[in-house]
Amino acid sequence: MRILQLHSNFIVFKPVEKEINIAEEAEKQETRVEEVVVLFTAIEEGDNSAMAQKAINDVRAFLGKLKANRILIYPFAHLSSNLSQPSEALKIIKDMEAYAKEKGIETYRAPFGWNKQFTISIKGHPLAEQARSYAPAPAASEAQAPCEAKKEEEPVSAALKAEDKMQSFWHVIQSDGSLVPIEEFKFKGHTNLQKFSQYEIKKARAVTQMPPHVLLMKRLEIADYEPGSDPGNIRWYPKGRMIKSLLEQYVTARVAAYGGMEVETPLMYDFNHPSLKSYLNRFPARQYVLKSEDKELFLRFAACFGQFLMAHDAQFSYKQMPIKLYELTRYSFRREKSGEVVGLKRLRAFTMPDCHAFCTDLEQAKKEFMIRFDLCIDVLSNIGLVKDDYEIAMRFTKDFYAEHKEFITELSKKFGKPILAEVWNERFFYFALKWDLNFIDNQDKAAALSTDQIDVENAKRYEITFVDEKGEKQYPLILHCSPSGAIERDIYALLEKAYREQMAGKAPMLPLWLSPTQVRLIPISDKFLDKMEELSKQITSHCIRVDIDDSASTLQKKIREAEQEWVPYIIVVGEKEIESGMLSVRVRELKGQQQNMTTEQLIAKVAEKIAGKPYKPLPLPLYLSKRPQFHG
RNA sequence: GCCUUCGUAGCCUAGUCCGGUGGGGCGUUACCUUGGUAAGGUAAUGGUCGCGGGUCCAAAUCCCGCCGAAGGCUCCA
């Protein structure tokens with residue numbers, strides 16, 4: 001679409017004769033419009049109504065600057081050598097006109113398909129003359145294949161449009177599996193579910209505070225924004241990298257134990273690959289796009305692509321199923337709109353464990369779904385997020401519920417708390433059933449962590465088949481599961497949870513296995529440093545992270561700083577301890593209460609609490625005096 | 001992306017409305033202090049006032065554009 005925009009004192013035009021047979025009806029008389037922004041407009045191959053709206057929105061922004069509110073849409077074919085079919089062009093022109101009127105712009109239009117004579121007087125100011133052109137999005141132009149040309153809107157936005165039109169009905173699933181309309185549900189005792197419901201349905205919030213986890217992630221030197229990158233691409237300091245890495249290792253180990261086969265797939269894919277193209281069309285255009293020579297690539301926004309392409313080429317039969325492929329994507333990329341990117345909660349580059357299970361039929365899928373439901377809840381609780389911290393939403397169609405009520409009942413019984421249900425009349429997405437588990441933060445906002453879904457479309461789209469008992473090819477059902485959700489988001493949830501506990505009067509902390517320093521040794525004086533080092537070696541040999549504060553500050557200040565770093569065990573060591581062998585341990589989870597114990601008792605206590613979790617050594621130098629400060 | 005608010009040293013912040021030599025705290029460094037469970041003392045160091053343009057004799061301050069953040073809208077596959 002090309003538009004020549006002229007801020008005019010006036011324009012006079014007169015239709016002379018029809019140029020094409022589908023020209024609109026018009027009278028051959030002069031029209032004069034004063035003080036108007038004239039839009040000479042050419043509609044090109046591949047243009048669509050979304051683009052028409054975009055163009056009008058741009059014009060609107062412009063009108064604001066010019067303090068004008070009158071436009072004339074003037075069809076003007078001469079701006080382009082790549083015109084669309086006249087019928088299509090007329091439709092889009094009309095869309096522009098309708099949309100502009102809807103937006104309250106005083107809109108005039110010159111007739112389409114006529115040879116017209118005109119006189120125009122253009123204002124002299126710098127903004128008076130503007131030319132703009134709108135090219136279709138790459139996927140959209142591809143999809144404008146002849147057979148699809150009659151489609152009303154660009155395929156890329158099909159999913160979005162569907163969402164606009166889609167009606168959902170909100171219910172609560174009680175533990176007996178019955179559905180109660182949300183208006184009738186008594187939320188007493190379920191305040192988080194109520195907050196979550198309101199977040200999902202009304203989207204009603206009013207907060208002016210900075211998200212607590214953003215301040216914490218900086219202050220604790222976990223992560224920070226990186227101004228040198230795109231928003232939502234995060235910088236991880238040593239402590240943060242360690243935390244993130246431990247979570248990655250933990251989730252990966254759990255999925256491996258469940259039977260997921262870890263694979264690795266490319267970060268970028270060809271826009272024009274046939275399977276990918278139609279999958280992309282199911283989603284809003286939110287990709288990072290990059291050009292490499294004459295190829296157009298996009299960065300993956302999930303692990304689906306690589307795993308599906310792999311499954312497409314794999315040979316398997318019902319005997320091997322369910323087959324589970326797993327990848328921890330570092331990273332998945334989604335170009336979320338700038339206003340949506342927040343701290344560690346919503347990123348443009350994030351780390352997502354993604355496990356797909358290929359199942360023979362719905363029975364097998366349901367069975368697998370149940371196993372993974374348990375897995376997800378257990379993984380989260382080991383990460384440090386328990387059932388009180390989140391709520392579940394389940395989404396399905398009316399028909400699915402009717403047919404599989406027992407199954408849904410079983411899931412809700414397992415969860416043991418009421419579940420928010422979104423019920424659709426028809427299926428809009430590629431899944432038949434989906435649940436997501438949502439953390440509710442200090443601003444009463446929800447963020448999805450774990451999720452699983454039964455995908456009934458993509459096997460066909462990617463031509464993924466298995467051989468059944470009769471030797472015939474069949475399409476499997478595909479389950480998509482992220483047992484923990486994005487790793488960054490887990491950290492967000494842990495920080496928000498810690499903040500909440502602080503507000504409730506507790507000492508905020510991370511789970512022990514994720515604490516960068518688990519034990520801090522504070523010598524009373526430099527002369528004990530040698531002893532400290534011995535002690536630290538003894539503790540470290542049990543895979544416990546210990547460090548030594550050898551800085552020049554006072555004892556009290558060192559304790560204060562250790563507390564501010566959320567160190568779980570702080571040990572002051574002087575003459576007394578070295579002589580008696582009894583350590584005086586300040587225990588954070590007991591609000592700083594001091595306990596006397598031997599080194600062995602301390603080691604046993606810590607080891608017990610971190611049993612079964614992955615270990616990484618201290619991410620920073622042993623001595624605090626050797627550490628740089630990453631954040632003021 | 002849109003609307004609103006904000007951006008002052010590594011960090012927190014005063015000053016901006018009403019233009020006229022940018023002030024404090026934390027940190028860092030040095031010296032003193034060698035301390036028994038949440039901030040010891042003194043001094044030094046540190047600023048293209050987010051970036052670019054404009055108005056003005058003069059801009060952190062007023063105007064325009066851009067970048068970044070927060071909140072709201074929208075969105076979250």
Side-chain angles (χ1 to χ4, degrees), chain A residues 54 57-58 60-61 64-65 126-127 158-160 162-164 166 199-200 203-211 214-215 218-219 221 224-232 279-287 301-302 304 332 334-343 345-348 350 393 395 428-431 434 436 438 443 445-448 451 453 455 457-458 480 485-486 489 507 520 522-529 551-565 567 570-577 584-588 591-594 628-632:
Chain A
K54 165 100 175 77
N57 284 335
D58 288 351
R60 253 177 98 208
K65 279 182 221 157
L127 294 175
L160 269 186
E163 261 179 275
D164 281 348
M166 162 177 92
Y199 182 84
E200 283 287 316
K203 320 270 182 185
R205 331 131 217 182
V207 197
T208 46
Q209 187 196 4
M210 181 107 145
V214 175
L215 296 167
K218 294 181 184 203
R219 195 177 63 67
E221 296 195 324
D224 208 339
Y225 296 120
E226 176 49 76
S229 182
D230 201 35
Y279 186 57
L280 285 170
N281 289 346
R282 287 295 256 157
F283 297 101
R286 288 275 175 86
Q287 302 85 23
F301 46 83
C304 303
S332 284
R334 295 184 195 181
R335 236 188 50 90
E336 305 291 5
K337 287 189 267 173
S338 57
E340 297 163 356
V341 176
V342 183
K345 181 186 174 200
R346 194 106 187 260
L347 298 168
R348 283 185 172 176
F350 55 94
R395 303 162 206 267
F428 286 95
F429 301 114
Y430 57 74
F431 51 83
K434 173 187 175 182
D436 43 89
N438 293 268
Q443 300 178 319
K445 295 189 182 186
T451 179
Q453 36 186 269
D455 175 348
E457 268 185 18
N458 281 306
H480 301 236
R489 208 172 253 193
R520 162 127 340 138
I522 302 180
I524 298 270
S525 143
D526 291 352
K527 58 185 179 227
F528 303 116
L529 275 178
S551 64
S553 337
T554 57
L555 174 67
Q556 294 192 24
K557 185 147 184 180
K558 290 179 186 184
I559 288 167
R560 177 181 154 84
E561 281 172 356
E563 295 285 7
Q564 285 182 326
E565 268 186 67
V567 174
I570 301 167
I571 305 175
V572 175
V573 184
E575 207 112 19
K576 265 194 311 200
E577 288 75 19
S584 161
V585 182
R586 202 178 150 106
V587 183
R588 186 167 183 81
K591 291 192 78 174
Q593 198 188 101
Q594 286 171 55
Q629 196 179 317
F630 289 101
H631 184 267

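We name chains A, B, ... by the order of the sequence lines, and we start the count at 1 in each one.
For the C1' atom pair drawn from B:rG25 and B:rC18, the interatomic distance equals 28 Å after rounding to whole Å. Spacing of C1' atoms, B:rC3 relative to B:rG15, comes out at 28 Å, to the nearest Å. A gap of 24 Å separates the P atoms of B:rA44 and B:rC49, to the nearest Å. Atom name P, nucleotides B:rC66 and B:rG27: the rounded distance is 40 Å, in whole Å.
For A:Ser338, whose side chain is taken as the heavy atoms from C-beta onward, the closest listed nucleotide among B:rC11, B:rG1, B:rA38 is B:rG1. Listed nucleotides B:rC75, B:rU28, B:rG71 differ in distance to A:Pro211; the shortest reach to its side chain belongs to B:rG71. With B:rU37, B:rG71, B:rG72 as the choices, the nucleotide that has an atom nearest any side-chain atom of A:Glu577 turns out to be B:rU37. Taking every side-chain heavy atom of A:Glu575 into account, B:rG36 is the closest of B:rG36, B:rU37, B:rC11. The listed nucleotides are B:rA69, B:rU37, B:rC75; the one nearest the side chain of A:Pro231 is B:rA69. If you check B:rG27, B:rA39, B:rU37 against the side chain of A:Ser584, the one that comes closest is B:rU37. Minimum atom distance to the side chain of A:Tyr225 is reached by B:rA70, of the listed B:rU34, B:rG36, B:rA70. For A:Val342, the listed nucleotide lying nearest its side chain is B:rG71; candidates were B:rG36, B:rG71, B:rU74. With B:rG40, B:rG1, B:rG36 as the candidates, the nucleotide lying closest to the side chain of A:Lys576 is B:rG36.
Using a 4.0 Å heavy-atom distance criterion, A:Leu555 is classed as a sugar-phosphate-only contact. Residue contacts for A:Glu336: at a heavy-atom cut-off of 4.0 Å it reaches no nucleic acid atom on any strand shown. A:Gly228 comes within contact range of no nucleotide atom at all, as no heavy-atom separation falls under 4.0 Å. A:Lys337 comes within contact range of at least one nucleobase, with a heavy-atom separation under 4.0 Å. At a threshold of 4.0 angstrom between heavy atoms, the contacts of A:Glu563 include nucleobase atoms, whether or not backbone atoms are also involved. Looking at heavy-atom distances under 4.0 Å, A:Arg219 makes no contact with the nucleic acid at all.
One can find a donor-acceptor pair under 3.5 Å joining the base of B:rC75 and the side-chain atoms of A:Arg346. For A:Thr554 against B:rU34, no side-chain N or O and base N or O form a donor-acceptor pair under 3.5 Å.
Residues A:Val567 and A:Arg588 fail the side-chain proximity criterion, which asks for heavy atoms closer than 4.5 Å. Using a 4.5 Å heavy-atom cutoff, the side chains of A:Gln629 and A:Glu221 are in contact. A:Asp436 is not listed as a side-chain neighbour of A:Gln453, based on a closest heavy-atom distance of 4.5 Å or more. Annotation: side chain of A:Lys558 is not in contact with side chain of A:Arg520 (no heavy-atom distance under 4.5 Å).
One finds no side-chain N or O of A:Lys591 lying less than 4.0 angstrom from the OP1 or OP2 phosphate oxygen of B:rA38. The side chain of A:Gln443 places an N or O atom within less than 4.0 Å of a non-bridging phosphate oxygen (OP1 or OP2) of B:rG71. A:Gln629 has no side-chain polar atom (N or O) that falls below the 4.0 Å cut-off from OP1 or OP2 of B:rG10. Between A:Arg586 and B:rA38 there is a side-chain polar atom (N or O) within less than 4.0 angstrom of OP1 or OP2. For A:Lys558 and B:rG40, the shortest distance from a side-chain N or O to OP1 or OP2 is not below 4.0 Å.
B:rG20: Watson-Crick or G-U partner is B:rC57, with both key distances under 3.5 Å. Remark: B:rC49 base-pairs with no nucleotide in the shown strands. Criterion, Watson-Crick or G-U wobble with two distances under 3.5 Å. Judged by Watson-Crick or G-U wobble contacts below 3.5 Å, the nucleotide B:rG1 has B:rC73 as its partner.
Computed from coordinates, the A:Asp230 CG to B:rG1 C1' distance equals 14 Å when rounded to whole Å.
No donor-acceptor distance shorter than 3.5 angstrom exists from the side chain of A:Lys218 to the backbone of A:His631, with no hydrogens or angles considered.
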